[in-house]
Amino acid sequence: MNIKPVIDIQNLTVSYHRKPAIRSVNLKLTERGIIGIIGPNGAGKSTLLKAILGLVPIDNGTVKVFGEPVFKVRNKISYVPQKEIIDWDFPVTVYDVVMMGRYAHLGVIERPGPSDRDIVEAAIDKVGMNEYKNQQIGNLSGGQQQRVFLARALAQESEILLLDEPFVGVDAATEHAIIDLMHSLNDEGKMVVVVNHDLGKVQEYFQYLIMINQRLIAYGPTREVFKPDLLSKTYGGRLTILQKTEQLFGVAQ
Ligand code: ADP
Ligand code: MG
């Protein structure tokens with residue numbers, strides 16, 4: 001049986017100032033599961049997400065999403081970057097930010113209608129930010145801001161959700177809210193791809209795992225690839241990480 005990949009990456013190399021950040025990556029994501037991306041700092045995790053979104057120039061190779069070049073299907077993908085670049089002094093409310101998720105569906109001069117407003121309200125409710133709806137986003141905590149960006153991604157009603165380090169700097173309640181959301185989106189048949197650096201939660205959170213260090217080290221079901229040999233290949237045998245894997249796998253030191 002030939003299952004059509006949702007995301008199909010072939011021989012992908014992306015460089016900044018001629019220095020490759022990811023090299024010759026071949027990756028077909030077929031499963032609509034919750035997929036983690038792990039690798040050390042500077043391994044190219046964020047770059048991989050940006051390449052899927054068409055946000056960085058590609059040196060070599062191809063990226064197809066639903067069999068199309070990404071610019072044709074951009075509104076089927078939503079993205080929460082590692083750090084939002086936003087002018088917090090700009091007077092914008094939680095509601096406004098989430099409504100931005102609807103603009104992908106609207107024509108240039110079309111204004112949001114009642115159904116857009118319903119979708120926005122539902123998304124805000126889903127991330128537990130109802131009582132903050134009319135607050136300025138600049139006044140919120142990091143975790144609350146993260147929930148708002150998640151609500152914006154939800155309001156976009158996309159098929160694929162890409163999250164870059166969503167758990168960094170958030171409280172436990174937000175982390176749980178994000179996990180619940182990932183599961184409910186997954187139950188709706190959406191693909192959720194999450195960059196994450198906390199190895200301790202990998203087995204609990206992700207059904208599939210992409211391990212990268214410039215080159216693709218492994219991709220597969222977490223239970224098959226989350227193994228000491230592949231981890232040490234991914235992290236280059238760095239001592240701290242190895243110690244961490246010993247804790248993870250219960251290997252006596
Ligand atoms: P990760 O998300 O795994 O930490 P990144 O994809 O952000 O890694 O970065 C991969 C490499 O590319 C790093 O060496 C980083 O310094 C470099 N890099 C990332 N973005 C840029 C940029 N805009 N300009 C120049 N170099 C960059
Ligand atoms: Mg990154």
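Remember, it's 1-based here, ligands and their atoms both numbered in the order they're listed.
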List ligand 1 atoms under 4.0 Å from Asn41, heavy atoms only on the residue side.
4 (O)
When you measure from the side chain of Asp180 to the backbone of Ala177, do you find a donor-acceptor pair of N or O atoms at a distance under 3.5 Å?
no
Could you pull out, from Thr47, Val56, Ile38, the option with a heavy atom nearest to atom 9 (O) of ligand 1?
Thr47
May I ask you to decide if Val120's main-chain N or O and Arg117's side chain share a donor-acceptor pair within less than 3.5 Å?
no
If you measure every N or O of Gln82 against every N or O of ligand 1, does any of those distances drop under 3.5 Å?
no
Looking only at protein heavy atoms, identify the closest one to atom 19 (C) of ligand 1 and say how far it is in Å.
Tyr16 CE1, 3.3 Å
among protein heavy atoms, the one nearest atom 8 (O) of ligand 1 is Gly44 N, 3.2 Å
Is any side-chain heavy atom of Asp164 closer than 4.5 Å to one of Val80?
no
Nearest heavy atom to atom 14 (O) of ligand 1: which of Ser15, Gly42, Gly39, Pro20 does it belong to?
Gly42
Under 3.5 Å, N or O to N or O, is Lys19 touching ligand 1 that way?
no
Below 3.5 angstrom, do we get any N/O pair linking Ala21 and ligand 1?
no
Indicate if the distance from the Mg ion (ligand 2) to the nearest N, O or S atom of Asn41 falls below 2.8 Å.
no
Would you say Gln136's side chain and Thr93's backbone share a donor-acceptor pair under 3.5 angstrom?
no
Minimum-distance protein heavy atom relative to atom 7 (O) of ligand 1:
Ser46 CB, 3.7 Å
Measuring to protein heavy atoms, does anything land under 4.0 Å from atom 1 (P) of ligand 1?
yes
Three-point angle Gln82:OE1, the Mg ion (ligand 2), Ser46:OG, rounded to the nearest 10°
80°
Do the two ring centres, one from Phe206 and one from Phe226, sit under 6.0 Å apart?
no
Check: Glu165 and Lys45 side chains under 4.5 Å, non-hydrogen atoms
yes
Got a donor-acceptor contact below 3.5 angstrom from the Ser78 side chain to the Leu161 backbone?
no
With the side chain counted from C-beta on, respond yes when Val65 and Lys76 share a heavy-atom pair under 4.5 Å apart, and no when they do not.
no
Does the protein place a non-hydrogen atom closer than 4.0 angstrom to atom 22 (C) of ligand 1?
yes
Numbered atoms and elements of ligand 1 in range of Pro40, under 4.0 angstrom, heavy atoms
3 (O)
Atom pair CG (Asn186) and CD1 (Ile35), whose distance is rounded to the nearest 0.5 Å
9.0 Å
